[in-house]
Amino acid sequence: MAEIALSVAEKTFILHGVDSDSRIDGRSRLEYRMLEIETKLMEQVNGSARVRLGNSDILVGVKMEIDTPFPDRPYEGKIEFFVDCSANATPDFEGKGGDDLANEISSALSRAYQSPQTFDLNFLSILPHKKCWKMFVDVLILQCGGNLFDVVGVGVKAALNCTEIPKVTSATIDGSEADIHLSDDIYDCIKLDVTNFPLFVTVCKIGDNCIVDPTSQEEVCSAASIIMSVMPNGKITSTIKMGYGSLLSTTLGKCLEIGTKVGIKLNEAVISQLKREEKLGPKKQFFGFLR
């Protein structure tokens, strides 16, 4: 995570604010900042989204390619995550620092989506043993303002929600070669059902209390945090422990309980927002910086 310098007085002020359930920006301990979501920002990809949470700003693009399935998983397609931490987001991303964080986020995404209950890769199969869809999910971090994992999770779910997979009109095998034909109609496509796709929830321990959606300053004051991917039904698909501090079993249980409750509400809010944006239709006006 990007480190910022805080004095002892500043850290004490943040700690006292968390103790009194009134953080430096006026939020309660379990309250998120305003979340902004834009989708379909780039025409050259199959799906895209831009998400802003406080000062954190990320862009997600999804591209589809026809590939060969893995020999041990002939009935499944493929999905790969790649994260790029732009050095323009913060000086701490220059060199190896940005690479380490990018690898952590991409690994977290892979673990969160590896369960068939979240993303059934059979959906991406075209011809078993021969051809499948390979989905590339690219995340670009434009600005870092704390809580990057949660922002990336929302961005990925939003981009996948508007991803349009070309419809396969015919798929045959001629000898040892597979012959795939795609629809010429750009509007003839298949969309993913992202209902069960998980979101990340970061729970930070500051003093004797736990908070969600930490700012950069609050992350510095946290000795330990738990990042969990939560499905809409409350099931946790993966957890990551961050920070140098340790967590007692009772504190860990409290963090998981908070993350589960907040994750359910966050999923509901994101799905609701995505449905509202879909209702705007193809004639909606774009205000993103790419248009």
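Only a predicted model underlies this, so the values are computations on that prediction, with no experimental measurement involved. Residue numbers start at 1 and run along the sequence shown.
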Legend entry - Modelled atom types, side-chain donor and acceptor of Ser107 and Arg111, under 3.5 Å: no
Inset, instruction - Start with the C-alpha gap between Glu277 and Thr39, add the side-chain angles, then the distance that decides, and say whether side chain to side chain donor-acceptor pair (under 3.5 Å) holds. - result: CA-CA 8 Å; Glu277 186 161 354; Thr39 59; 2.8 Å; yes
Inset, instruction - Would you kindly confirm whether Ile258 and Ile264 end up in one hydrophobic cluster when ILVMFWY residues are joined by side chain heavy atoms under 4.5 Å apart? - result: no
Inset, instruction - Would you mind reporting whether Leu160 and Val137 have side-chain heavy atoms less than 4.5 Å apart? - result: yes
Legend entry - Hphob cluster co-occupancy, Ile240 + Leu247, side-chain heavy atoms under 4.5 angstrom: yes
Legend entry - Pro69 side chain near Arg73 side chain, heavy-atom distance below 4.5 Å: no
Legend entry - Separation of Phe200 CZ from Asp150 CG (nearest 0.5 Å): 8.5 Å
Inset, instruction - State, yes or no, whether a side-chain contact exists between Glu76 and Leu124 at a heavy-atom distance under 4.5 Å. - result: no
Legend entry - Within-4.5 Å side-chain heavy-atom neighbours: Val139 and Ile105: no
Inset, instruction - Kindly give the heavy-atom pair with the smallest separation between Thr237 and Ala112, and that separation in Å. - result: OG1-O, 3.5 Å
Inset, instruction - Evaluate the side-chain proximity of Glu164 to Lys40: yes if any heavy-atom separation is below 4.5 Å, no if none is. - result: yes
Legend entry - Tyr32 side chain to Asn147 side chain, donor-acceptor N/O pair below 3.5 angstrom: no
Inset, instruction - Measure the shortest side-chain to side-chain distance between Ile226 and Thr202 over non-hydrogen atoms and say whether it is less than 4.5 angstrom. - result: no
Legend entry - For the student: nearest non-hydrogen atoms of Lys157 and Val194, plus distance: CE-O, 3.2 Å
Legend entry - Glu38 and Arg52 ion-paired at < 4.0 Å: yes
Legend entry - Side-chain heavy atoms of Met135 within contact of Phe119, under 4.5 Å: yes
Inset, instruction - Check whether Phe123 and Val156 end up in the same hydrophobic cluster, where Ile, Leu, Val, Met, Phe, Trp and Tyr are linked by side-chain heavy atoms less than 4.5 Å apart. - result: yes
Legend entry - Residue pair Val151 / Ser56: nearest heavy atoms and the distance that separates them: CG2-CB, 4.0 Å
Legend entry - Ion pair check, Arg33 and Asp25, cut-off under 4.0 Å: no
Legend entry - Contact summary for Ala159 and Val60, nearest pair of heavy atoms: CB-CG1, 3.6 Å
Inset, instruction - Could you check whether the rings of Phe81 and Tyr113 sit parallel, tilted or perpendicular, using 30° and 60° as the cut-offs? - result: tilted
Inset, instruction - Mind running salt bridge (charged side-chain N to carboxylate O under 4.0 Å, His left out) on Lys63 and Asp138 for me, showing each step along the way? - result: CA-CA 8 Å; Lys63 294 198 72 174; Asp138 296 320; over 6 Å; no
